[in-house]
Amino acid sequence: MRHNAPAKILMSAASALALLSAAPAWAQEPSPDAATAVDESDEEVVVTAQKREQRLQDVPVAVTAFTSKVLEDQATQSLTNLSSKAPNVVLAPVGYSPFAAAFYIRGLGFSDVESSFEPSVGTEINGVYLTRNSGALMDFYDIESVEVLRGPQGTLYGRNTIGGLISLRTKRPDGTFSGGVQGTIGDNGRREARVAMNFPISETFSGRISLLYKDYDGYNYNATLGRNEGFQETLAGRLTLRYAPSEQFEATLILDVDQEEGSGASMRNAGRPGNVFTNLSPLGGDPYVTYGNEPIFSNVDTWGATLEVNYDVGFGTITSVTGYREFDDNLSSDYDASAITGYHGERTQTHWQFSEELRIASDGSGPWNYVFGVYYLNQAYDISNRQFGFIVNGTQFANQDNTAYAVFGQIDYNATPELVLTVGGRYSYEEKTFTNDPLGPVTASTFSSDWSDFSPKLGLSYKFSDDIMAYAQWQQGFRSGGYNGRANTVLAVGPFDAENVDAYEIGLKTAFFDRRLRLNFAAFRNEYSDMQTGTQGPILDGGGNIIGFQSIVTNAAAAKIDGFEVEANWAIGGGFTINANLGWLDARYSDFIADLTSDGIDNPTDNTDLPLVFAPRWSGALGITYATDLDFGRLTINANAVYMDDVYTSGGTINRISDVQVREENTMLDAAISLESPDGVWRVSLWGKNLADQLIINNTFGLGALGNLRVYAPPMTWGLDVGVNF
């Protein structure tokens, strides 16, 4: 593992600068009427991280905001394009499930599709929390903003998260008759169409409809089946209705549907000598050529309804957010990655959730500001997990019902015009009923358990001036216990206990040069206890002989994660804007006594030397935007260099002796150039991702003694957007 990251980050910065070095020359020495540099980033960024609109610089928490303009200028296709564009944030797909999220913030996350586990990093859309990783990765269309909150979230949000939160907000009706159409073509058969339209219904009632169609051939080729892999076809739509009879009352109904069909993840053999699958398919050669013999697919159908009601009662605003979502997915994977049927799996899963959040938030005008709320969640899923091949044959059936209740609140007291004292807390209660009918002759069993927790928060902030604020806070976070959805024996089901964290943070938010430069700092320590740790354990017959392996989850570990973060946004002038961030992590286990040998003998050992996954020591990004108004339109050029240090993509004792699960340090270069007409009627944009065409591992994961499988991130890709507004 190399850690010469500061030099690499400087090289990344130089790369981004090089991509933009010619930009001014394209419009050099214009007449005064011909071109005018555009400086937009000195405008105030408004966030809702504390459940009321505030300037980003006035919020004493670590949050990064991406506006719709920023997302458009960077040609953002999905949340994965924002990975490391906020410090110490890794946003990636789960390797074997392209629609599932493997999100890590400050070294903590969860990369699995199993619905019996709780995500460590939450995702919400329009205020409704998505209770599982599957389906959290979606194609972007008609997005208003994205906020990335780092650290535990519980005193201000309906659903608690232990690691952080990704909050998406879609665009709302504006009461006019207007809209736009955008078409995209690109490499590997990329064809996309996006449509959005506002329409008035009456003076108090308006709507907006958004549609997405996407067709993509993929960047992998299966040599055994003679076909492309990684193809995807998506059809999605969203209808938003807004009713606002007065300035005090507003109700918004959002209905959405998303159907995605694709070939799933293309996995390659990454086995080591002695593994069962090592010699079944090539280890080298073209990394984008695969050899599986069973057709793979990943199909997702989801729909949801959200009703948000806001009522201004004078001293505050009462908000209700009601959400219902259904999610069906069918995932087929070839785990031996070869031309024989060694180990194949097919998961068919149905999930639904209903949630209600009711809160009241003060208007921020007095010395006492507060948010109080209650939350209710009910979710359930059913799954059939069929596995076949010469390794194993059979089908697991499982289902779970989960009900959660919470009361939360936070009070901010302005002790002086400069000093704010904060106290908050959250009480959470969870109950789960899990039924498992595992592979083999074991009969079905049903289990029930519950967990409760109180998580407090204390903090203070001090404004040295209108543009300089320091803050410090301590809070606890909670991740519910649960059951092992992959257990093949009764003893492996669990339950496992809840996971907790003590999070300490200090920060400084500053603005200079008439607020054209925003420079923010944060330093933190997170102390995790009772970490839910997954391992591979043996399945024994009546004689004590090993007849297979299974996943086991225990609360075997504790960890300490220290880090710091720097974020900068600078509207330099002359049309240039710089966005940059730098993150550093020191993540290590402080306690990890467990039996990780899978030899059938109970022999716990000290495993604190093992690395945490997706916790790069260094990461950072540099983005440069140049904008200028020409006679024929506004020219915008954006370039980004994103650096990530070496990172382990999966856990296990193999990381002691091998780097097979390491994603080596890399720098991703992206760029986009767009031209928009002076009246905003048309816009053309050419964009590219991974312009250096680096070979980057998405992740490598192990199957015990069977071997390791690897999924690669996309190579260089490009697209051309053409849009018309009306």
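Hydrogens, waters and symmetry mates are skipped; everything else that's a heavy atom, side chains included, is used.
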- Say whether, by atom type as modelled, one donor and one acceptor occur between the side chain of Arg347 and the main chain of Ile383 under 3.5 angstrom. no
- Residues passing the salt bridge (Lys or Arg N to Asp or Glu O under 4.0 Å) test with Arg588, sequence neighbours excluded, are Asp562, Asp586
- Which residues pass the salt bridge (Lys or Arg N to Asp or Glu O under 4.0 Å) test with Arg359, sequence neighbours left out? Glu357
- Quick one: side-chain hydrogen bond (donor to acceptor under 3.5 Å, both in side chains) partners of Glu233, sequence neighbours excluded? Tyr213
- Query: Say you draw a straight line from CG of Leu255 to OG1 of Thr306; how long is it, rounded to the nearest 0.5 Å?
  - Reply: 8.5 Å
Side chains of residues 257-264: which donor-acceptor partners sit under 3.5 Å, not counting sequence neighbours?
unit_1	atom_1	unit_2	atom_2	d
Glu260	OE1	Gln232	NE2	3.0
Ser263	OG	Gly230	N	2.4
Ser263	OG	Phe231	N	3.2

- Task: Go through the side-chain N and O atoms of Gln349 and Ser134 and say whether any donor and acceptor fall under 3.5 Å apart.
- Result: no
- Message: Taking the six-membered ring of Phe110 as reference, does the cationic atom of Arg479 (NZ for Lys, CZ for Arg) lie under 6.0 Å from its centre and within 45° of its axis?
- Response: yes
- side-chain contact (heavy atoms from CB on, under 4.5 Å) between Tyr528 and Leu108, worked out: CA-CA 10 Å; Tyr528 295 95; Leu108 189 71; 3.2 Å; yes
- Item | Pairing residues for Thr131 by the side-chain hydrogen bond (donor to acceptor under 3.5 Å, both in side chains) criterion, not counting sequence neighbours | His351, Gln353, Gln379
- Query: Could you walk me through whether Ser333 and Leu331 pass the side-chain contact (heavy atoms from CB on, under 4.5 Å) check?
  - Reply: CA-CA 7 Å; Ser333 303; Leu331 176 65; 4.0 Å; yes
For residues 701-714, tabulate all N or O donor-acceptor pairs below 3.5 Å that involve a side-chain atom, not counting sequence neighbours.
unit_1	atom_1	unit_2	atom_2	d
Asn708	ND2	Gln661	OE1	3.2
Arg710	NE	Thr700	OG1	2.9
Arg710	NH2	Val660	O	2.6

- Thr322: partners by side-chain hydrogen bond (donor to acceptor under 3.5 Å, both in side chains), with sequence neighbours left out: Glu356
Validation: residues 438-451 side-chain donor-acceptor distances under 3.5 Å, sequence neighbours left out:
unit_1	atom_1	unit_2	atom_2	d
Thr446	OG1	Thr435	OG1	2.9
Ser448	OG	Thr433	OG1	3.2

- Message: Could you check whether any side-chain N or O of Thr80 sits under 3.5 Å from a backbone N or O of Ala92, counting only pairs where one atom can act as donor and the other as acceptor?
- Response: no
- Taking atom types as modelled, is there a side-chain donor on Asp256 or Trp303 under 3.5 Å from an acceptor on the other? no
- Report yes or no: is the cationic atom of Arg325 (NZ for Lys, CZ for Arg) under 6.0 Å from the centre of the six-membered ring of Phe327, at an angle within 45° of the ring normal? no
- In chain order, what residues pass the salt bridge (Lys or Arg N to Asp or Glu O under 4.0 Å) check against Asp453, with sequence neighbours excluded? none
- Item | Ring centroid separation Tyr427 to Phe478 under 6.0 Å | no
- Item | For Thr123, side-chain hydrogen bond (donor to acceptor under 3.5 Å, both in side chains) partners two or more places apart | none
- Compute whether any side-chain donor of one residue and acceptor of the other, for Tyr96 and Asp112, lie under 3.5 angstrom apart. yes
- Among all residues two or more places apart in sequence or in another chain, which pass the salt bridge (Lys or Arg N to Asp or Glu O under 4.0 Å) test with Glu294? none
- Message: Can you pull out every salt bridge (Lys or Arg N to Asp or Glu O under 4.0 Å) where at least one residue sits in residues 118-139? Sequence neighbours excluded, please.
- Response: Glu118-Arg159, Glu118-Lys432, Asp139-Lys214
- Item | Side-chain heavy-atom pair Tyr483, Asn436 within 4.5 angstrom cut-off | no
- Does Asp609 come within less than 4.0 Å of Arg656, counting only side-chain N to carboxylate O? yes
- Message: If you count every heavy atom of other residues, nucleotides or ligands that lies below 6.0 Å from Asn279 atom CG, does the total exceed 12?
- Response: no
